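To start, the structure under review is shown below, and the notes come after it.
This structure is a prediction, so every number in the text was calculated from the model and none was measured.
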Amino acid sequence: MQTLTKTILQQGFPNSLLTSSQLERLLPGSPGSRYGLVNRALKAGELQQIQRGLYLLVEPYTTKTVHPFVIAQHILPGSYISFETALAYHGWIPEAVYTTSSVTPHRKRKQVTHKTLGTFTFFPLALHVGYQLEFVSRIPLQGGTALVADPLRALMDLVCLRKVSWSGDDWLFEGLRIEKGYINAVSPDAFTILRTVYKHKRVIDFITALQRSLGHDQNS
C-alpha cells in the first residue's frame, strides 16, 4: 500500500473526494514530494484522478461510492444538477440518465469524462442575477451534499437549454413522458416566480403558456 493511501485511511477519509488543498494539509513537505506521493498512488492503481486537483481512492480502499452529484459539485463548484438528470432523480421522467448534467454559473460549457465514474456536463444559461438558485435544493447524498434543481426548475432549464418554443404539451407528456399529475401538483406561485428567473422571452412565454394550459394562471 502506498504512503498516500495509508495516510488517507489513517486520517479517516477513505470515502471522500480529495482536493489539492486537502492533500496539502494531509501531506506535510514540499510540493515536489507531495506530487511524487500522488503520482505513485496513481500508478499503483490505488488512487484515481477525476480532473486536475481532484482525486478519489479506488476499491478496496474505499468502502462506499461517492454519489455522482457530489462529484459534479466538486468538479465545478457553484454549479447545480439540472435538466434530465434532475428530472430522472425526482422521478418525473421514466428513462435512466447516465450523464450527470448541471447548470454552470460560468459562460463556457464544460465536460469531464471519466472511464469509471461517467460523464459530467455543465451548461451555461441566461439567468437573471440573483436567481440562479431559485427552486434549487441542497440535498445530502453519499459522500457529501449537492445542489439539485427541483423538478419544475429542471424542466424549465431544459426548455432554456434546448430553446424550446411552446407548441402545445405534446413535448412534455409524449416526448419526455412526464405524467401530467406531477406538473398539476406544482403550486401556481412557482410558475410566477420562475418567470423572473430567465432572460429569454421564449422561456417566459413557455412558462406562461404551460401555466395557462393547466388552468393555473388565475393569479398571474
* What's the verdict on ring pair (Phe, Tyr, Trp, His ring centres under 6.0 Å) for Phe83 and Phe123, showing C-alpha distance, side-chain angles and the deciding distance? -> CA-CA 10 Å; Phe83 311 121; Phe123 299 94; 5.8 Å; yes

* Output, in order, the C-alpha distance, side-chain angles, deciding distance and verdict of side chain to side chain contact (heavy atoms under 4.5 Å, CB included) for Val103 and Phe122. => CA-CA 5 Å; Val103 174; Phe122 303 85; over 6 Å; no

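For Tyr198 and His200, the distance between ring centers is not under 6.0 angstrom.
Distance alone, capped at 3.5 Å, places no donor-acceptor pair between the Ser137 side chain and the Ile139 backbone. Here the side chain of Thr5 pairs no donor or acceptor atom with the backbone of Met1 at under 3.5 angstrom.
Gln111 and Thr121 share no side-chain donor-acceptor pair at under 3.5 Å. There is no side-chain donor-acceptor pair under 3.5 Å between Arg40 and Tyr35. Side-chain contact of His114 with Thr116: a donor-acceptor pair under 3.5 Å is present, judged by distance alone. Between the side chains of Asn15 and Tyr61, no donor-acceptor pair is found at a separation under 3.5 Å. With hydrogens and angles left out, the side-chain atoms of Lys6 and Gln11 include no donor and acceptor closer than 3.5 Å. Side-chain polar atoms of Glu84 and Ser101 form no donor-acceptor pair below 3.5 angstrom.
Atoms CD and CG, on Glu24 and Leu18 in that order, are 13.5 Å from each other to the nearest 0.5 Å.
In this structure, the salt bridge (charged side-chain N to carboxylate O under 4.0 Å, His left out) partners of Arg177, at least two apart in sequence or on a different chain, are Glu95.
Note: Trp92 and Tyr182 have parallel aromatic rings, judged against thresholds of 30 and 60 degrees for the angle between ring planes.
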